[in-house]
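Only one structure is covered here, and it is reproduced in the block below.
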Amino acid sequence: MFATQTAKTVKKTATDTSKGTTAKQRVLSKFGRSAAASDSDSDSDSDSDSDSDSDAPVKSKKKSTAKVVLRRDKRLDNMRAAITTINSKKKINDWVSIHKEFEKLSSDYGRLSTVVNPDAFNPSPFRFFARTVAQLDDFHKQTTESAAKMNTANKDAFTAMKQKLKKQLKTLETGVAAWRENPVDEADSEAEAKTLAESATAKPSTVQISEDANVGEAGAAAVPQEKGFTAVGKSGKAVEITQETLYKRLQELVLARGKKSTDKVAQIENLTKILEVSVTAHQKLQVLLVLIPSQFDYNPLASGGFLPTEYWKSTRANIDLLLDILETNHTLTITEAPVDDDIEPAENENRFKSGEHIKLRGNIYSFIDRLSDEFIKSLQNIDPHTTEYIERLKDETPLYVLIVRAQKYFERVASVESSDACVLKRVMHIYYKTENVIGFLESALPSHSRDPTVNPSNLVHTLCTTLYQTSDIRIRARALLAHVYHLALHGHFYKARDMLLMSHLQEQATNTDIDTQILYNRTIVQLGMSAFRSGLIRESANALQEFFGSGKTKELLAQGFQQANVRFGAAGADKVEKTPEQERLEKQRLLPFHMHINLELLECIYLTCSMLLEIPNMAMYAHDSRRKMISKPFRRNLDFNQKQVFIGPPENTRDHIMAAAKALSAGEWQKCVEYITSIKIWSLMPSAAQIKLMLTEKIQQEGLRTYIFQFAPYYDSLGLAQLSTLFDLPTTRVHGIIAKMIVSEELYASLDEPTQTCVLHRNAPGVEMSRLEYLAGVYADKVGALVDGNEKMLESRSISLGLQQQQQQQQQQLLNAGAKGGRGIGGAGAGAGGRGGDKRNAGGMKR
């Protein structure tokens, strides 16, 4: 309504803002710190010159004032420290140190006395200094008799102190006399200082609204009044807030909101006082629609980035008042749809009084959502192991009541989207709770907001069924996951599993937002725990396998951060450094402590299930246990435990399970049961006794299967009665276990009903071979693989080797041919020469 004002009004308000006055700043000390020290600038001068001062001088003046305040605080701290030192040195009669500290004290007093002046709130701001001087004077007189025994330095200081005390007593004659009439010790002075501090912030008869509040968030809040409400305008004159000027003053505060120079605390106080002045429901709604967002704007850094508890409770009370007004006045409606902003608030007020229906622009669900987020943030930043966390958690009940009331209001005004959002918000606050806790929350609802047909046992089912009809995909997905989680929490595993599988949500979980992915992970983990409570060991292990195999259980469940554990999950070689922004977002997504799933209990469940599955599997594949591995994390922990040089008695949960696994593999099922049932974490589960009985039965069954796998090669037949006695199981149960092993082809045997024996067959691989035969076969396979590898390597290099050998052969042939050719040519020449010579000789002879 007030956001769309004319440019003329904005300009006028901006002009008014630049003509404000500087508020007095007060300094409190330990002894007289409640004294309100006035600024060195005169208020009357600043009022008279406020219209002519420019922005730059005003900023410089305020900066100087802040500097004075800082120096004043520092000097007061120095004076307190000097007084403390003087009191301690008086005990050992060290007048040298007393003289030195008294000089510092007198110097600081001389400088502060020109700045801090008495006023109505603190007429004696330096009473603590007068008390110190008077006490020193009395102590000096008492020590006069023993001054002759002092050393030279101490005696000189003692003499110098006499003159300085005489000078200060003359200056502080009035203050010392007043103190001697009503002497108080240091503790009484501190109590007096506390009283003066409270009186300095007491409620005067008027409240000043600083239109140019530049003190910021750390500045003093506007002082509330007791009965009347008077505001100070731009000219420094008191302006009374009446019914006629209420909307105008409210408009000025709206325009000041969001500005850097606006004091948020003072604005909240001013809006609160305007709310007290409001009479009609329309006026209160107009003020509340401005006050509630202003309260959310206040977010001091000292609180850790969330709304302080007192402001949160005040905001919740204002939203509660807003819903009260809307529930009792049906002619007033707050809507997100565009409304006619040209209508003045006073005109709407007259229309409301005449009985017309009035629509105001606002978003109530945004208030509810922000209030819930601030509640979650506060729980994230409070230590969960303190009573403060428990006290803060009690505020969830009024918040839940507020959500339900808002839901009923949206249903009345037929706002479907806001109603569905409120229902989802309601589900998010109760889906992880038991029926008793839900019943307690429902009992806190007012009678007109409670549905008598819905009981705590089916409340989540009713709400989620309503949300399945909405068009928002995200709301439907989160409602389904919350429904499945609630069913799994209360032991309805099959119903929860079937609901999740029919939705096919697991196929689209990676495409949803991060908050929904976290809820999906929590739901799958709760399904695994529900399967374990139901005795479904394999289903539980399958559900938890992905989380513990990743090594990021805390991150996936938004319960913290953890370092990668190499022996229990994936190694941290692929760890990527996170940016500060990513770390901040991850911290914001962390769940409060009371919503956490116990990770130690979760690990215990997963390792126990892995033990019951992995130990028989290792016995079945004894010759090659690495061929088929069900749980790599469990196997990694078991190998690590077996490699230890010295293994002492189990201490933690993991050690107990590893010891139980080794006992089970050795056939000592009683010892395995003892290790498992001695784990203390089982007491955190509901029906812990039934859980232990279920685990005992499962260990007996898996112990029987492990025994058969290990010793089948050494027997021709096994008697069912003997196995029943050995593992303390009924004969029918032993018969059923062996029959199931035969059907699943885990055991090659047959049951002889007349003799009640299990006849083992020898023609199956893996059963008739001994360990030596198996190792010989493995050796032969490896040698054959080595030969095959060598042959393949030779084949890959045959082309290059063949060409090189061919070239070498050709070169050798050429060399051989050359040698033979040389010898043939030489012989032929010699023969020809011989024949020529013979011819010549013949010719000669002929001649």
Side-chain angles (χ1 to χ4, degrees), residues 257 285 288-299 303 305-309 311-324 326-327 333-337 360-381 392-393 395-432 441 445 449 460 463-464 466-467 470-479 481-482 512-516 518-519 558 585 587-592 594-595:
R257 181 190 171 199
L285 277 185
L288 287 172
L289 290 176
V290 180
L291 174 59
I292 294 173
S294 299
Q295 289 178 316
F296 284 130
D297 289 343
Y298 179 67
N299 192 7
S303 65
F306 61 92
L307 199 64
T309 304
Y311 278 89
W312 187 91
K313 292 182 178 180
S314 175
T315 306
R316 183 194 58 78
N318 289 332
I319 299 177
D320 202 7
L321 176 61
L322 180 70
L323 292 175
D324 286 338
L326 293 175
E327 288 172 354
T333 305
I334 298 178
T335 177
E336 300 179 42
L360 302 178
R361 182 73 179 272
N363 190 345
I364 299 179
Y365 175 73
S366 66
F367 298 159
I368 301 294
D369 185 57
R370 180 67 184 276
L371 193 68
S372 178
D373 290 344
E374 294 294 339
F375 176 73
I376 298 298
K377 287 180 183 179
S378 64
L379 293 177
Q380 290 173 346
N381 289 272
R392 189 72 178 100
L393 197 57
D395 293 330
E396 187 177 16
T397 301
L399 176 61
Y400 180 78
V401 172
L402 206 61
I403 294 173
V404 177
R405 293 182 61 190
Q407 173 196 343
K408 299 299 180 181
Y409 167 75
F410 289 130
E411 291 176 354
R412 180 174 63 83
V413 298
S415 181
V416 180
E417 294 182 359
S418 299
S419 176
D420 292 341
C422 278
V423 173
L424 179 63
K425 183 69 68 175
R426 182 180 179 184
V427 170
M428 289 296 105
H429 277 274
I430 62 174
Y431 78 94
Y432 58 91
L441 291 176
L445 295 175
S449 300
V460 175
L463 296 176
C464 292
T466 304
L467 293 177
T470 185
S471 59
D472 194 329
I473 299 177
R474 182 178 181 274
I475 291 180
R476 291 205 307 266
R478 293 182 65 83
L481 292 174
T512 58
D513 58 285
I514 297 180
D515 291 335
T516 305
I518 293 172
L519 181 58
L585 292 176
K587 289 181 180 179
Q588 289 180 354
R589 287 192 289 263
L590 293 180
L591 297 175
H594 71 282
M595 296 179 63

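Model, not experiment: these values are computed from the prediction.
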I would like to know whether T512 and R474 meet side-chain contact (heavy atoms from CB on, under 4.5 Å); could you show each step before the answer? CA-CA 8 Å; T512 58; R474 182 178 181 274; over 6 Å; no

May I have the step-by-step check of salt bridge (Lys or Arg N to Asp or Glu O under 4.0 Å) for E327 and R405, ending in yes or no? CA-CA 9 Å; E327 288 172 354; R405 293 182 61 190; 2.9 Å; yes

Any chance you could lay out the salt bridge (Lys or Arg N to Asp or Glu O under 4.0 Å) test for D395 and R316, step after step, and finish with the verdict? CA-CA 10 Å; D395 293 330; R316 183 194 58 78; over 6 Å; no

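Heavy-atom neighbours of E417 CD from other residues, nucleotides or ligands within 6.0 Å: at or below the threshold of 12. No more than 12 heavy atoms of other residues, nucleotides or ligands lie within 6.0 Å of CD1 in I514, so this atom counts as exposed by the packing criterion.
Residues L445 and Y400 are in side-chain contact: their nearest non-hydrogen atoms beyond the backbone lie under 4.5 Å apart. Put simply, the side chain of L326 reaches to within 4.5 Å of the side chain of I364, judged on heavy atoms. Residues T335 and R361 fail the side-chain proximity criterion, which asks for heavy atoms closer than 4.5 Å. In this structure, Y409 and C422 have side chains that are not in contact, with every pair of non-hydrogen atoms separated by 4.5 Å or more. Considering only heavy atoms from C-beta on, L379 comes within 4.5 Å of H594 through its side chain.
Between D420 atom CG and I475 atom CD1 the span is 5.5 Å, to the nearest 0.5 Å. Atom CD1 of I376 sits about 15.5 Å away from atom CZ of R589, to the nearest 0.5 Å. Here the CD1 atom belonging to I319 is positioned 12.0 Å from the CG atom belonging to D324, to the nearest 0.5 angstrom. Atoms CG and CD1, on D297 and I292 in that order, are 12.0 Å from each other to the nearest 0.5 Å. One finds the CD1 atom of I334 at 12.0 Å from the OG atom of S415 (value rounded to the nearest 0.5 Å).
The backbone N or O of L371 sits less than 3.5 Å from a side-chain atom of W312, completing a donor-acceptor pair. With hydrogens and angles ignored, the 3.5 Å screen pairs no side-chain donor or acceptor of Q407 with any backbone N or O of S419. Although no hydrogens or angles enter the test, the distance criterion places a donor-acceptor pair under 3.5 Å between the side chain of R370 and the main chain of F296. Put simply, the side chain of Q380 never gets that close to the backbone of L591: no donor and acceptor are under 3.5 Å apart. Panel note: side chain S366, backbone N363; a donor-acceptor pair is recorded below 3.5 Å.
Using a cut-off of 4.0 Å between Lys/Arg side-chain N and Asp/Glu carboxylate O, D515 and R478 are scored as not salt-bridged.
If you check the side chains of R392 and S378, you find a donor sitting under 3.5 Å from an acceptor. Side chains of N318 and T315: no donor on one and acceptor on the other come within 3.5 Å.
Partners of R426 under the salt bridge (Lys or Arg N to Asp or Glu O under 4.0 Å) rule, at least two apart in sequence or in another chain, are E442. Under the side-chain contact (heavy atoms from CB on, under 4.5 Å) criterion, K425 pairs with Y365, D369, S372, D373, I403, H429, not counting sequence neighbours.
The two residues L519 and A482 have their closest heavy-atom pair at CD2-N, 4.4 Å.
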